[in-house]
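The sequence lines fix the lettering, A, B, ..., with proteins before strands; numbering per chain opens at 1. These numbers come from a predicted model, not from an experiment.
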Number of protein chains: 2
Amino acid sequence: MFAEPTSPHLKVYISVVHKLKEMIQNDRLTSGDRLPSERELSERLGVGRSSVREAFRALELLGLIETRHGEGTFLRDFRDHHLVELLGMFILQHGQAENDVAEMKEWIEIAGIKRLLSGHEEMIKSLADSILLRFKQGELTSISQIKSFLLKSSGNQLAYKVWLVLHDFDKGKAKDGKSLEEENINKLKEALLSKNIDFIRSFCTMTR
Amino acid sequence: MFAEPTSPHLKVYISVVHKLKEMIQNDRLTSGDRLPSERELSERLGVGRSSVREAFRALELLGLIETRHGEGTFLRDFRDHHLVELLGMFILQHGQAENDVAEMKEWIEIAGIKRLLSGHEEMIKSLADSILLRFKQGELTSISQIKSFLLKSSGNQLAYKVWLVLHDFDKGKAKDGKSLEEENINKLKEALLSKNIDFIRSFCTMTR
DNA sequence: TTTAACAATTGGTCAGACCACATCATTTTC
DNA sequence: GAAAATGATGTGGTCTGACCAATTGTTAAA
């Protein structure tokens, strides 16, 4: 996955990262599962413990794994990643990146909802009802939460996950606190039923 | 920046990351500049070299720094970060429905090209000409390559990177070998100039 | 049964060794 | 004198072994 074109001397810690990746998918490990100990990995892979640690530390900084002193190393839920902080630390000083994030997030929102609208009439209706209900119950209180709900329901789980990541980055910049009246929800419901993409698009961009 | 609520025992390599960050800001270091050597940092910060290395390896995996054997460690352009690949590696691992990948890829293609078409007439024209020229020169030989070229030019570098990752995963499934005649390229050029989204959409889905 | 002490496992950190690579000054060679 | 071989030095790459600290499970004592 990473460039290793000219050099046949792939760094050991990188190879460990790759091995871990394989191990995770082969053994179907999911968040919370434990990874082998540093010493065991060191033996099994025939590399020094320090190399294993370099790989672990890198993944830990990313928030992809979690290490607990005396217990072991565990896989984390990807949603807990620290990329936000990390990139904020080093990247987001660069204005361009922020725009890219916001824009791409919007692309996913629109495309995802469009996909949703291509589904059965019944499904859309019950979804719209569900949104209204949840709003009244105080479960959905912001535009972002509604968008999240819609995307999760849209059927493309990958796009939903990516959206979550982008949303993390974008958060703070977007003004998501806008008053959300029942009026708006009803309009949204109508727009969904009538497949009024234009309104939906304006709804999605309400936060900026 | 990172959570260190209960534990007063901040891991050493994390503190090194922080020190590096300060160092970078205080000394106004930019991409290409050299960072102190591992041994020097180890002394200056009063920590073991292995801890410095753990911090360096983490930042290297992220693509924030670059390490050259025998030379030293250098700051990279933040825009080259490997974040997308890393996330892809772990988000896409769970046998994500291949359909999701292909679909999302398409979303990015369409949205990216739409964005492109909202640019200046001149730009679009020269871009179309450029594609035709490169095709004749044998530089662009497949539909994917053309899409890649278009997306890279579209302006959203983040979306382009994500597309590349998705393409990596999608590759092999798509039949990209379809005969690509100059005829097709000319039609694409026309479609770009006339902003014929429908044709472009069909062009993008030609590989499946 | 409950509690206390202990042993084993695991991560956290450091120090030192050795190799490979790059650079530059020095020396040798032509 | 110019070019090529040489070697010293600095740097990253990796491994090993040591020791500390946190956690857990086992065992022995109360």
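- Taking E106(A) as the reference, R208(A) meet the salt bridge (charged side-chain N to carboxylate O under 4.0 Å, His left out) condition, with sequence neighbours excluded.
- Among the heavy atoms of the strands lying under 4.0 Å from S50(A) is at least one base atom, whether or not backbone atoms are also near.
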Are any protein N/O atoms closer than 3.5 Å to N/O atoms in nucleotides 5-12 of chain D? If there are, list each pair with its distance.
from	atom 1	to	atom 2	distance (Å)
dG10(D)	N2	G70(B)	O	3.2
dG12(D)	OP1	E38(B)	N	3.4
dG12(D)	OP2	E38(B)	N	2.9
dG12(D)	N7	R39(B)	NH1	2.8
dG12(D)	O6	R39(B)	NH2	3.2
dG12(D)	N2	H69(B)	NE2	3.2
dG12(D)	N3	H69(B)	NE2	3.2

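- A nucleotide of DNA chain C counts as in contact with chain A when one of its atoms lies under 4.0 Å from a heavy atom; the first and last such, 5' to 3', are dT10(C) to dC21(C).
- Put simply, OH on Y13(A) is 17 Å from C1' on dC15(D), counting in whole angstrom units.
- Using a 4.5 Å cut-off on side-chain heavy atoms (C-beta onward), L188(A) and N184(A) make no contact.
- Between I113(B) and C204(B), the closest side-chain pair of non-hydrogen atoms falls below 4.5 Å.
- The structure places CG of L116(B) at 13.0 Å from NZ of K114(B), a figure rounded to the nearest 0.5 Å.
- Residue pairs meeting the salt bridge (charged side-chain N to carboxylate O under 4.0 Å, His left out) criterion with at least one partner in residues 151-161 of chain B, sequence neighbours excluded, do not occur; the list is empty.
- As rounded to whole Å, 14 Å separates atom C1' of dT14(D) from atom CD of E60(B).
- With sequence neighbours left out, the salt bridge (charged side-chain N to carboxylate O under 4.0 Å, His left out) criterion links E182(B) to K136(B).
- Checked for salt-bridge contact, K11(A) and E54(A) miss the test: no charged N lies under 4.0 Å from a carboxylate O.
- Residues in residues 136-163 of chain B take part in these ring-ring contact (aromatic ring centres under 6.0 Å, His included) pairs, two or more places apart or across chains: W163(B)-H167(B).
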